[in-house]
Amino acid sequence: MEKELTYGATSRINHWVIAIAMMGMLGFGLYLEFGGLAREAKGPLIGIHKAIGVLILIFGLWRVTWRLLKGFPAPASNMPAWQDMASKFAHWMLLAGVVVMPVSGLVGSLFGGRAVSVFGLFTLPAQAKIEWLQSFSGGVHGLFGKALAVIVVIHFAAALKHHFIDKDATLSRMLRSTSKGDRATKG
Ligand code: HEM
Ligand code: HEM
């Protein structure tokens, strides 16, 4: 498949749909964990968290596959080597999170002996309980979730820095079709 030199319409839609969904779910999950909710209030909310998570996994698998096939476009501007490395690391972690978060959530639930219903559309059946797998997945879900929340904040701050301080095309080429100041499209 042809590699992307800059973000095409499909990549931009994929990025923003999943970005909004993931930020919502990170906030939702942290609220469930630390919001001090009463048990009765929490139960139904966890059900909604799980159902949305499964839908994100379905769209996310497509989004991640698309990026793997298309490759990452070259950075929109020259930057110090450490920034280049940090952004590559962040993008891979964000991409991994799109799969790791819902899969770890699912595995933890299903192998904890709980079925997952997706808004009554379909149900993933409970599995025989495997205690170590349930707690391992739960650990991954909590740890990766917190790490991702930090990375998203840095990712967001970096996008603003590129836009308002460096004044390069990093953010604008993710927002609209553009070749202005985009080194990648100039070859
Ligand atoms: C889009 C993907 C998802 C994201 C970004 C996400 C994020 C989070 C976060 C950040 C937490 C708080 C973890 C902690 O601080 O320990 C959490 C909790 C949790 N998540 Fe997810 N999650 C996702 C999908 C799922 C799925 C698909 C399931 C299950 C099918 C699930 C089940 C749970 C459960 C059971 C909790 C614990 C709630 C509690 O008892 O406090 N999550 N999630
Ligand atoms: C408001 C929040 C966000 C802003 C302003 C933002 C902005 C951007 C920008 C400008 C780029 C292009 C970077 C470059 O070309 O070097 C980018 C790439 C990327 N962003 Fe975000 N982003 C946000 C939230 C997120 C979230 C929550 C995720 C989590 C999945 C995410 C995942 C990615 C990934 C994986 C890339 C690499 C290219 C791709 O596959 O789309 N972003 N983001």
Side-chain angles (χ1 to χ4, degrees), residues 4 6-8 10-37 39 42-43 45-60 63-77 79 83-84 86-112 114-118 124 134 137-149 151-163 168-175 182-184:
E4 267 187 330
T6 186
Y7 298 108
T10 304
S11 289
R12 297 197 302 275
I13 292 168
N14 283 354
H15 174 269
W16 292 113
V17 169
I18 289 292
I20 290 164
M22 286 296 287
M23 288 188 288
M25 285 291 280
L26 288 170
F28 195 172
L30 292 171
Y31 176 62
L32 288 173
E33 196 69 26
F34 302 108
L37 287 164
R39 220 165 180 275
K42 207 168 157 179
L45 288 180
I46 291 181
I48 295 171
H49 178 82
K50 293 179 178 183
I52 298 174
V54 173
L55 296 180
I56 292 179
L57 176 61
I58 296 168
F59 189 77
R63 184 251 190 272
V64 171
T65 305
W66 176 260
R67 177 59 53 229
L68 295 179
L69 291 173
K70 288 292 189 179
F72 291 93
S77 70
M79 49 185 159
Q83 277 179 26
D84 200 34
S87 87
K88 285 198 170 67
F89 174 75
H91 293 165
W92 278 109
M93 290 291 284
L94 292 166
L95 217 50
V98 175
V99 177
V100 169
M101 289 308 295
V103 167
S104 60
L106 259 181
V107 169
S109 294
L110 300 179
F111 289 93
R114 288 171 188 271
V116 173
S117 164
V118 183
L124 301 168
Q134 180 193 5
S137 307
V140 170
H141 201 71
L143 215 67
F144 211 120
K146 283 164 198 136
L148 265 185
I151 292 172
V152 169
V153 170
I154 297 171
H155 181 68
F156 176 67
L160 294 185
K161 188 230 177 220
H162 277 284
H163 194 72
D168 65 28
T170 303
L171 179 59
S172 52
R173 72 173 181 167
M174 190 51 102
L175 289 169
D182 189 338
R183 195 162 54 95

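Remember, it's a predicted structure, so these values are computed and weren't measured experimentally. Counting starts at 1 for both ligands and their atoms, in listed order. Counting begins at 1 with the first residue of the sequence.
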Side chain to side chain contact (heavy atoms under 4.5 Å, CB included) between Glu4 and Trp66: does it pass, once the steps are laid out? CA-CA 10 Å; Glu4 267 187 330; Trp66 176 260; 4.2 Å; yes
Could you walk me through whether Val17 and Arg63 satisfy the side chain to side chain contact (heavy atoms under 4.5 Å, CB included) test, starting with their C-alpha distance in whole Å, then the side-chain angles of each, then the deciding distance to 0.1 Å, before giving a yes or no? CA-CA 9 Å; Val17 169; Arg63 184 251 190 272; over 6 Å; no
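Protein N/O/S atoms closer than 2.8 Å to atom 21 (Fe) of ligand 2, listed by chain and residue number, are His15 NE2, His155 NE2.
For ligand 1, the polar-atom distance check against His49 finds a nitrogen or oxygen pair separated by under 3.5 Å.
If you check the side chains of Lys50 and Ser109, you find a donor sitting under 3.5 Å from an acceptor.
Counting protein heavy atoms under 4.0 angstrom from atom 29 (C) of ligand 1 gives one or more.
Nearest protein heavy-atom neighbour of atom 38 (C) of ligand 2: Tyr7 OH, 3.5 Å. The single protein non-hydrogen atom nearest to atom 26 (C) of ligand 1 is Gly105 CA, 3.9 Å, given as residue, atom name and distance. Looking at atom 10 (C) of ligand 2, its nearest protein heavy atom turns out to be Thr170 O, 3.4 Å. Ranking protein heavy atoms by distance to atom 15 (O) of ligand 2, first place goes to Arg173 NH2, 2.7 Å. Among protein heavy atoms, atom 2 (C) of ligand 1 sits closest to Pro102 CD, 3.6 Å. In terms of protein heavy-atom proximity, atom 12 (C) of ligand 1 is closest to Gly29 O, 3.3 Å. Protein heavy atom in closest approach to atom 13 (C) of ligand 1: Gly142 CA, 3.8 Å.
Considering Met22, Lys50, His141, Lys42 only, the shortest heavy-atom separation from atom 24 (C) of ligand 1 involves His141. Scanning Arg63, Met25, Arg67 for the heavy atom closest to atom 34 (C) of ligand 2 points to Arg63. Closest heavy-atom approach to atom 37 (C) of ligand 1 among the candidates Met101, Met23, Lys146, Glu33: Glu33. Across Trp92, Trp66, Trp16, heavy-atom proximity to atom 4 (C) of ligand 2 is greatest for Trp16.
Note on ring orientation: taking the six-membered ring where Trp is involved, the planes of His155 and His15 are tilted (angle from 30° to 60°).
Under a 3.5 Å cut-off, the side chain of Arg12 and the backbone N or O of Tyr7 do form a donor-acceptor pair.
Side-chain contact between Ser87 and Met79: present, with at least one pair of heavy atoms (C-beta onward) separated by less than 4.5 Å. No side-chain heavy atom of Leu94 sits under 4.5 Å from any side-chain heavy atom of Val98. Looking at heavy atoms from C-beta onward, Asp168 lies in side-chain contact with His162 at the 4.5 angstrom threshold. Using a 4.5 Å heavy-atom threshold, the side chains of Met22 and Val152 count as separate.
Both the backbone and the side chain of Leu26 come within contact range of ligand 1, each with a heavy atom under 4.0 Å. Under 4.0 Å from ligand 1, not a single heavy atom of Ile52 appears. Neither the backbone nor the side chain of Asn14 comes within 4.0 Å of ligand 2, counting heavy atoms alone. Within the 4.0 Å heavy-atom criterion, the part of Ser109 lying near ligand 1 is the side chain and not the backbone.
For Pro102 against Gly53, the heavy-atom pair with the smallest separation is CB-O, 3.6 Å. The nearest pair of heavy atoms linking Ser104 to Val140 is CB-CG1, 4.0 Å.
Residue-environment remark: CG (Leu160) exceeds the threshold of 12 foreign heavy atoms within 6.0 Å. Residue Phe59 places its CZ atom among more than 12 non-hydrogen atoms of other residues, nucleotides or ligands, all under 6.0 Å distant. With a 6.0 Å radius and a threshold of 12 heavy atoms from other residues, nucleotides or ligands, Arg114 has its CZ atom at or below the threshold.
Rounded to the nearest 0.5 Å, atoms NE2 (His141) and CE (Met101) are 4.0 Å apart.
In summary, the atoms of ligand 2 found under 4.0 Å from a heavy atom of Val98, numbered by their order in the structure, are 30 (C).
For the ligand labelled ligand 1, residue Phe28 lies outside the 4.0 Å heavy-atom shell.
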